[in-house]
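When a residue number appears, it is its place in the shown sequence, counting from 1.
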Amino acid sequence: MLLRVLYHDHCFDGAASAAYFSRFIAGAVHPDAEFRYTGMAHMASQDFDPALFDGDENAIVDFKYSTNPKLTWWFDHHQSAFLRAEDAEHHRRDASGRKLYDPTFKSCTSFICKIAAEHYGFHAPDLDDLVHWSLIIDGAQYPDARTAVELGAPAMKLTLVIEAAKGNDIVQRIIRMMQRQPLAEIIQDREIRGLYEPLYDRHIRSIDLIRARAHQEDGVIFFDLAGHDVEGYNKFIPYYLFPNSTYTVSVSPSTFRTKISVGSNPWTPVEPRHNLATICERYGGGGHARVGAISLAPGELTRARTIAAEIVAELKT
């Protein structure tokens with residue numbers, strides 16, 4: 001049988017969720033399943049194309065909910081999992097037991113791991129390291145900004161490749177490798193290592209670029225990366241450069257969207273008071289309480305800058 005897995009693309013937790021979910025399904029539900037993957041990105045047009053659900057069963061992991069009747073499995077942990085109130089009501093009425101949501105989890109991978117163990121008796125101890133790093137990376141559980149930016153661990157190197165590599169073929173190859181191989185072995189793969197090294201050089205240059213473009217006022221960092229191809233920059237760089245900041249807001253155009261990123265410093269000396277997902281939801285975006293984003297259509301730079309300025313003003317209060 002064909003099982004189509006839609007996952008949050010260019011995201012370590014998205015890839016890890018797809019990998020853990022696939023091991024779980026193959027090990028506890030459908031041992032004969034063939035898995036095919038589709039990466040999903042948050043864009044201005046938020047609805048799912050019905051053609052995406054082309055499997056005998058279809059799953060979404062670490063991404064928003066769909067009411068499509070062909071959706072079989074769903075796991076998510078984002079506050080902004082439902083685009084509309086009727087979507088949330090549709091989920092509430094679901095009686096399959098296979099569409100699961102819990103925003104208290106710091107990673108979707110750990111959520112899938114828990115459900116697979118408690119409801120299906122499935123365990124994969126060889127993937128414990130994958131689950132562990134999904135919590136650190138998606139939950140921003142690094143000890144300090146320097147650790148997050150210097151990329152010492154194999155999982156952090158893989159994150160750079162997953163977030164910054166062009167296209168999604170390499171991410172899907174990593175998903176398949178994650179199901180059976182240690183992270184330290186994956187990053188040593190010739191193709192992946194070949195991608196990592198120039199991306200690391202770009203990562204180092206992005207630190208200098210953000211240093212030059214960013215400024216901090218009243219605890220809020222703002223920078224505009226228009227004119228620079230830095231989609232997928234390390235989100236902890238601003239806190240590495242401005243350790244006493246509380247929030248960061250940035251604008252970063254790309255070929256398929258104009259993105260406003262909003263985050264809070266995991267090591268801030270001042271506890272953040274604003275729910276960033278709630279702020280982003282007002283503009284059609286979403287995320288978590290401590291990190292969120294808004295995606296506009298390509299070319300909407302003026303509107304993105306206006307929204308960013310409004311958010312900066314609000315976060316200063």
Side-chain angles (χ1 to χ4, degrees), residues 7-16 39-43 133-134 136-138 140 142 144-175 177-178 183-216 221-243 245 248-263 265-266 291 293 295 298-299 301 304 308:
Y7 65 94
H8 188 188
D9 205 5
H10 296 291
C11 166
F12 183 90
D13 189 37
M40 303 298 298
H42 294 288
M43 295 185 290
W133 278 102
S134 76
I136 292 176
I137 292 169
D138 216 51
Y142 302 102
D144 50 48
R146 181 176 180 177
T147 301
V149 170
E150 292 187 350
L151 310 182
M156 297 166 68
K157 292 178 170 67
L158 274 176
T159 299
L160 180 62
V161 175
I162 289 167
E163 291 183 350
K166 299 296 185 183
N168 53 29
D169 289 349
I170 191 62
V171 178
Q172 292 175 20
R173 181 164 182 249
I174 290 171
I175 289 170
M177 296 173 80
M178 280 177 166
L183 300 176
E185 184 178 302
I186 297 172
I187 193 60
Q188 292 303 326
D189 175 87
R190 180 177 297 179
E191 180 186 9
I192 294 170
R193 191 76 193 181
L195 290 169
Y196 169 74
E197 290 172 356
L199 286 172
Y200 180 74
D201 290 341
R202 193 180 79 159
H203 166 65
I204 296 301
R205 292 195 301 272
S206 72
I207 297 174
D208 293 333
L209 174 62
I210 292 172
R211 181 185 284 113
R213 302 297 293 267
H215 66 273
Q216 176 189 224
I221 308 164
F222 173 73
F223 53 98
D224 186 332
L225 298 177
H228 299 274
D229 179 20
V230 286
E231 174 81 15
Y233 68 85
N234 184 303
K235 64 186 176 183
F236 302 107
I237 291 172
Y239 314 123
Y240 175 76
L241 298 173
F242 301 92
S245 64
T248 183
V249 180
S250 69
V251 174
S252 54
S254 69
T255 56
F256 66 96
R257 67 180 172 189
T258 305
K259 184 178 180 182
I260 303 112
S261 299
V262 188
N265 187 347
V291 62
S295 294
L301 186 57

Name the atoms and distances for all side-chain donor-acceptor pairs under 3.5 Å in residues 146-153, with sequence neighbours left out.
residue	atom	partner	partner atom	Å
R146	NE	E150	OE2	2.8
T147	OG1	D144	OD1	2.7

Side-chain heavy atoms of F12 within contact of M156, under 4.5 Å | no

Taking the side chain as every heavy atom from C-beta outward, state whether D189 and E185 have any pair of such atoms under 4.5 Å apart.
-> no

Within the distance-only criterion (no hydrogens, no angle test), does the side chain of N265 pair as donor or acceptor with the backbone N or O of P243 below 3.5 angstrom?
-> yes

Looking at side-chain heavy atoms only, is the closest gap between C11 and D138 below 4.5 Å?
-> yes

Verdict with reasoning, H203 to I237, per side chain to side chain contact (heavy atoms under 4.5 Å, CB included) = CA-CA 10 Å; H203 166 65; I237 291 172; 4.0 Å; yes

Should Y239 and P266 count as side-chain neighbours, where that means a heavy-atom distance under 4.5 Å?
-> yes

How far does CD1 of I210 sit from OG1 of T248, to the nearest 0.5 angstrom?
-> 8.0 Å

State whether the side chain of H228 and the backbone N or O of P253 hold a donor-acceptor pair below 3.5 Å, judged by distance alone.
-> no

NZ/NE/NH1/NH2 to OD/OE distance under 4.0 Å, R211 and D208 | yes

Going from NZ on K157 to CD1 on I186, what distance comes out if it is rounded to the nearest 0.5 angstrom?
-> 14.0 Å

Distance, nearest 0.5 Å, that separates CG of L199 from NZ of K166 = 9.0 Å

Looking at G39 and N168, what are the two nearest heavy atoms and their distance?
-> N-ND2, 4.3 Å

So, Y200 versus Y196, ring centres under 6.0 angstrom or not?
-> yes

Are the side chains of I137 and D13 in touch, meaning some heavy atoms are under 4.5 Å apart?
-> no

Ring pair (Phe, Tyr, Trp, His ring centres under 6.0 Å) partners for F223, two or more places apart = Y233

With side chains defined as the heavy atoms from C-beta onward, is the minimum distance between I192 and R173 less than 4.5 Å?
-> yes

Taking all atoms of both residues into account, what is the closest heavy-atom pair of A214 and I221, and its distance?
-> CB-CG2, 3.9 Å

Shortest non-hydrogen contact between G299 and T258, atoms and distance = N-OG1, 3.4 Å

OG1-CD1 distance between T159 and I174, expressed to the nearest 0.5 angstrom = 9.0 Å

Closest non-hydrogen contact found for A293 with K259 is CB-CE, 3.8 Å

Exercise: identify the closest heavy-atom pair between A41 and F256 = CB-CE1, 4.0 Å

Looking at side-chain heavy atoms only, is the closest gap between Y7 and V171 below 4.5 Å?
-> yes

Which distance, rounded to the nearest 0.5 Å, do you find between the CD of Q216 and the OG of S245?
-> 5.0 Å

At what distance, to the nearest 0.5 angstrom, does CG of D224 lie from NE2 of H215?
-> 10.5 Å

Nearest heavy-atom pair of F236 and N234: which atoms, and what distance?
-> N-OD1, 2.8 Å

